[in-house]
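Along the sequence shown, the residues carry numbers beginning at 1. Only a predicted model underlies this, so the values are computations on that prediction, with no experimental measurement involved.
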Amino acid sequence: MKALAGALVAAVLASAAAAQVPYGPTDTPAPGASVCPGGLCQPEALNSVFEALARTRTGAGSAPVHILQIGDSHTAGDRITGKLRAALQARFGDGGRGVLPPGIPYDGYAPLQVEVTADGWTTTLAPLAGNAGYVRAGVGLTGVQAITVQPGSALTFYRETVSPAFVQIGLCGEGPGRLEVTADDETWTVAFGEERCAILYSDGSPTQVRLRALDSALSLHDVRLTNINPGVELSNLGVVGATLRDLAARDQAVVARELAAWRPALIVLAFGTNEGFDDNLDPAAYEALLRGQIFRLRRLSPGTSLMILGAPDALRNGIVNGCSADRLRAPPPSLAVVRDVQRRVAADMGVAFWDWHGRMGGDCSADRLATRGEPFMLRDRVHFSSAGADWIGGALNADLMAAYDAWTARRGEAE
């Protein structure tokens with residue numbers, strides 16, 4: 001697992017670097033056939049999200065519709081989620097950037113719509129839980145904990161010109177220390193005390209937010225930068241190499257406070273790739289874990305819709321008579337098991353399921369996408385290139401919007 005995690009880090013960084021070069025592919029393949037009608041099983045599980053989007057579209061909504069995606073490196077890189085965020089905000093309005101880790105979790109970290117810099121700021125990325133599993137105290141859904149051990153250390157967020165101002169600044173943390181928050185020419189001093197989460201509202205249109213530690217012994221769990229107008233806010237909380245066990249390892253008390261503060265309309269679970277590379281995967285144990293995490297999220301965030309992104313295709317090297325063009329690569333056997341469990345559990349528990357594997361082209365599509373004239377996947381046959389992330393993120397958006405439009409049509413007929 002450590003070797004795989006290291007490879008994933010390198011691939012994510014390579015993808016981030018490639019993202020700096022703008023280009024437009026000349027030929028884009030159509031999304032592949034799916035086991036789900038229109039790529040999405042149980043679309044009725046998203047009815048409350050569609051209702052919130054409809055209110056936003058008509059101007060009846062009073063706050064952004066918050067979509068929270070939790071997952072592995074596919075989520076951490078923010079390329080697929082970035083495409084989905086941009087597409088939804090273009091249609092429904094820009095509700096803000098969303099939740100971010102309270103620091104820079106790894107070298108090359110490059111989230112979209114915002115730039116992050118640190119000066120003496122200490123950030124701890126929770127170690128991967130692994131098969132043994134454990135709870136890491138004080139670590140929430142970002143998987144990152146910032147502990148201010150040096151007064152004066154600072155973390156700064158700069159918004160892109162095309163992004164909305166950081167009108168609403170949300171922070172969750174704990175400890176006796178104080179934090180100075182500056183948004184352009186406005187300044188607040190935050191001490192979490194009993195509440196543990198704080199929300200600050202700017203009177204202007206700030207282009208940057210700076211956090212500066214005034215004391216030691218403050219632990220920060222997350223930073224939320226969003227708007228107060230209707231629209232869509234999409235948070236991508238991914239950890240390179242993560243599995244569903246890492247979600248299970250998050251501190252229950254911290255997670256409960258975060259979800260209460262964030263109030264997501266939809267939580268998207270995007271795990272499965274790393275479980276698929278585990279040759280010792282126990283299908284029954286994995287199913288029990290998935291069911292348990294769905295129960296947990298429903299208990300901690302009642303009324304929130306859930307969607308699972310089925311594990312995408314990915315290939316392992318060093319295979320004899322593999323399905324790839326060079327016959328040296330094939331999907332690890334556990335990957336199909338993970339995907340089957342995800343789909344069955346989603347159907348049984350009333351959770352929406354998106355067929356990522358089918359939409360990218362099915363078995364060994366990772367090789368076909370990597371060997372295109374315009375590569376849609378990196379050479380590792382696990383991660384998407386910038387063009388590929390844009391393509392598959394667009395496919396996800398198209399399937400979600402087709403389901404939304406069908407829901408809108410049915411509602412109109414009923415009325």
| query | So His74 and Phe384, would you call those rings parallel, tilted or perpendicular, with 30° and 60° as cut-offs? | reply | perpendicular
| Does the distance from a Lys or Arg side-chain N to an Asp or Glu carboxylate O, for Arg159 and Glu115, drop under 4.0 Å? | no
| So, does Trp121 use its side chain to make a donor-acceptor pair with the main chain of Pro102 at under 3.5 Å? | yes
| said: Quick test of your reading of the model: are Arg343 and Asp355 salt-bridged, counting only N-O distances below 4.0 Å? | reply: no
| request: Look up atom CD in Glu374 and atom OG in Ser386, then write down how far apart they are to the nearest 0.5 Å. | output: 10.0 Å
| note | Rounded to the nearest 0.5 Å, the CG atom of Asn274 sits from the OG atom of Ser73 at a distance of 6.0 Å
| request: Rounded to the nearest 0.5 Å, what's the gap from CG on Leu378 to CG on Leu369? Could you check? | output: 11.0 Å
| message | If we count only N and O atoms by modelled type, under 3.5 Å, do the side chains of His221 and Thr142 hold a donor and an acceptor together? | response | no
| query | Step by step, would you call His66 with Ser235 a side-chain hydrogen bond (donor to acceptor under 3.5 Å, both in side chains)? | reply | CA-CA 8 Å; His66 189 187; Ser235 305; 2.7 Å; yes
| query | Ignoring hydrogens and geometry, is there a side-chain-to-backbone donor-acceptor pair from Ser305 to Leu46 under 3.5 Å? | reply | no
| request: List the steps, then state whether side chain to side chain contact (heavy atoms under 4.5 Å, CB included) holds for Arg372 with Met377. | output: CA-CA 9 Å; Arg372 288 168 34 90; Met377 295 202 78; over 6 Å; no
| field | Identified salt bridge (Lys or Arg N to Asp or Glu O under 4.0 Å) partner of Arg316 from the options Asp278, Asp367, Asp279 | value | Asp279
| said: Would you call the rings of Tyr106 and Tyr109 parallel, tilted or perpendicular, taking 30° and 60° as the class edges? | reply: perpendicular
| query | Is the backbone N or O of Gly95 less than 3.5 Å from a side-chain atom of Thr226, with the two atoms forming a donor-acceptor pair by type? | reply | yes
| query | Does NZ or CZ of Arg196 come closer than 6.0 Å to the centre of the six-membered ring of Phe192, within 45° of the ring's axis? | reply | no
| query | Would Asp78 and Arg97 count as a salt bridge (charged side-chain N to carboxylate O under 4.0 Å, His left out) if you check the C-alpha gap in whole Å, the side-chain angles of each, and the deciding distance to 0.1 Å? | reply | CA-CA 11 Å; Asp78 197 28; Arg97 177 53 182 78; 3.0 Å; yes
| So, do Pro264 and Ser301 sit near enough that their side-chain heavy atoms are less than 4.5 Å apart? | yes
| task | Could you walk me through whether Asn47 and Arg411 pass the side-chain hydrogen bond (donor to acceptor under 3.5 Å, both in side chains) test, one step at a time? | result | CA-CA 11 Å; Asn47 283 354; Arg411 188 180 67 162; over 6 Å; no
| message | Donor-acceptor pair, distance only, cut-off 3.5 Å: does the side chain of Asp399 make one with the backbone of Ala402? | response | no
| task | Look at atom CZ of Arg344 and say whether more than 12 heavy atoms of other residues, nucleotides or ligands are closer to it than 6.0 Å. | result | yes
| query | Is a salt bridge present between Asp251 and Arg257, judged by a nitrogen-to-oxygen distance below 4.0 Å? | reply | no
| request: Output yes when Asp390 and Arg79 qualify as a salt bridge under the 4.0 Å nitrogen-oxygen rule, no when they do not. | output: no
| field | Nearest heavy-atom neighbours spanning Asp313 and Met360 | value | N-SD, 3.3 Å
| message | Taking the side chain as everything from C-beta on, heavy atoms only, tell me whether Val239 gets closer than 4.5 Å to Leu125. | response | yes
| request: Indicate whether any N or O donor in one side chain lies under 3.5 Å from an N or O acceptor in the other, for Ser219 and Gln145. | output: yes
| So, do Val268 and Leu68 sit near enough that their side-chain heavy atoms are less than 4.5 Å apart? | no
| request: Report yes or no: does Gln89 contribute a side-chain atom to a donor-acceptor pair with the main-chain N or O of Gly96 at less than 3.5 Å? | output: yes
| task | Decide yes or no for Gln113 and Arg85: does some side-chain heavy atom of the first lie under 4.5 Å from some side-chain heavy atom of the second? | result | yes
| field | Spatial distance of atom CG (Leu396) from atom CH2 (Trp356) [nearest 0.5 Å] | value | 8.5 Å
| task | First locate atom CH2 of Trp354, then atom CD of Gln42, and finally report the distance between them rounded to the nearest 0.5 Å. | result | 15.5 Å
| task | Would you please test Leu88 and Ile67 for side chain to side chain contact (heavy atoms under 4.5 Å, CB included) and show each step? | result | CA-CA 10 Å; Leu88 291 175; Ile67 298 174; 3.7 Å; yes
| Of all heavy-atom pairs between Gln293 and Leu247, which one has the smallest distance, and what is that distance? | OE1-CG, 3.6 Å
| query | Is Tyr286 close to Thr243 at the side-chain level, that is, under 4.5 Å between some pair of heavy atoms? | reply | no
| query | Can you check side-chain hydrogen bond (donor to acceptor under 3.5 Å, both in side chains) on Glu287 and Gln342, steps first, answer last? | reply | CA-CA 8 Å; Glu287 179 169 341; Gln342 290 174 325; over 6 Å; no
| Val181 side chain near Leu171 side chain, heavy-atom distance below 4.5 Å | yes
| query | Looking just at side-chain N and O atoms, do Thr408 and Asp405 make a donor-acceptor pair shorter than 3.5 Å? | reply | no
| query | Just how far is it from atom CG of Leu290 to atom CG of Leu244, taken to the nearest 0.5 Å? | reply | 6.0 Å
| query | If only atom types and distance count, is the side chain of Ser324 paired as donor or acceptor with the main-chain N or O of Arg329 below 3.5 Å? | reply | yes
| request: Would you mind checking if Glu275 and Arg245 are paired as a salt bridge, meaning a charged N to carboxylate O distance below 4.0 Å? | output: no
| remark: Minimal heavy-atom distance between Val209 and Ala183, with the atoms involved, is CG2-CB, 4.3 Å
| field | Gln168 and its side chain to side chain contact (heavy atoms under 4.5 Å, CB included) partner, picked from Leu225, Asn227, Ile199, Asn229 | value | Ile199
| field | Heavy-atom closest pair, residues Pro331 and Cys323 | value | CD-SG, 3.7 Å
| Stepwise side chain to side chain contact (heavy atoms under 4.5 Å, CB included) check, Asp222 with Leu100 | CA-CA 6 Å; Asp222 57 75; Leu100 293 152; over 6 Å; no
| task | Could you check Phe92 against Tyr404 for ring-ring contact (aromatic ring centres under 6.0 Å, His included), going step by step and ending with a plain yes or no? | result | CA-CA 12 Å; Phe92 297 100; Tyr404 169 78; 5.4 Å; yes
| message | Do Thr75 and Gln69 pair up side chain to side chain, a donor and an acceptor below 3.5 Å, judged on atom types alone? | response | yes
| Salt-bridge contact Arg212-Asp119 (side-chain N to carboxylate O under 4.0 Å) | no
| request: Could you check if a side-chain atom of Leu400 sits within less than 4.5 angstrom of a side-chain atom of Met307, using non-hydrogen atoms only? | output: yes
| Is it true that Arg291 and Asp348 make a salt bridge, defined as a side-chain N closer than 4.0 Å to a carboxylate O? | yes
| message | Show the nearest heavy-atom pair for residues Pro111 and Val116, with the distance to one decimal. | response | CG-CG2, 4.2 Å
| message | For a 4.5 angstrom cut-off between non-hydrogen side-chain atoms, does Leu297 reach Ile294? | response | no
| query | Where do Leu335 and Ala314 come nearest, in terms of heavy atoms and distance? | reply | CD2-N, 3.6 Å
| query | Hey, mind stepping through Arg91 and Asn397 against side-chain hydrogen bond (donor to acceptor under 3.5 Å, both in side chains) and telling me if it holds? | reply | CA-CA 11 Å; Arg91 179 166 182 174; Asn397 175 70; over 6 Å; no
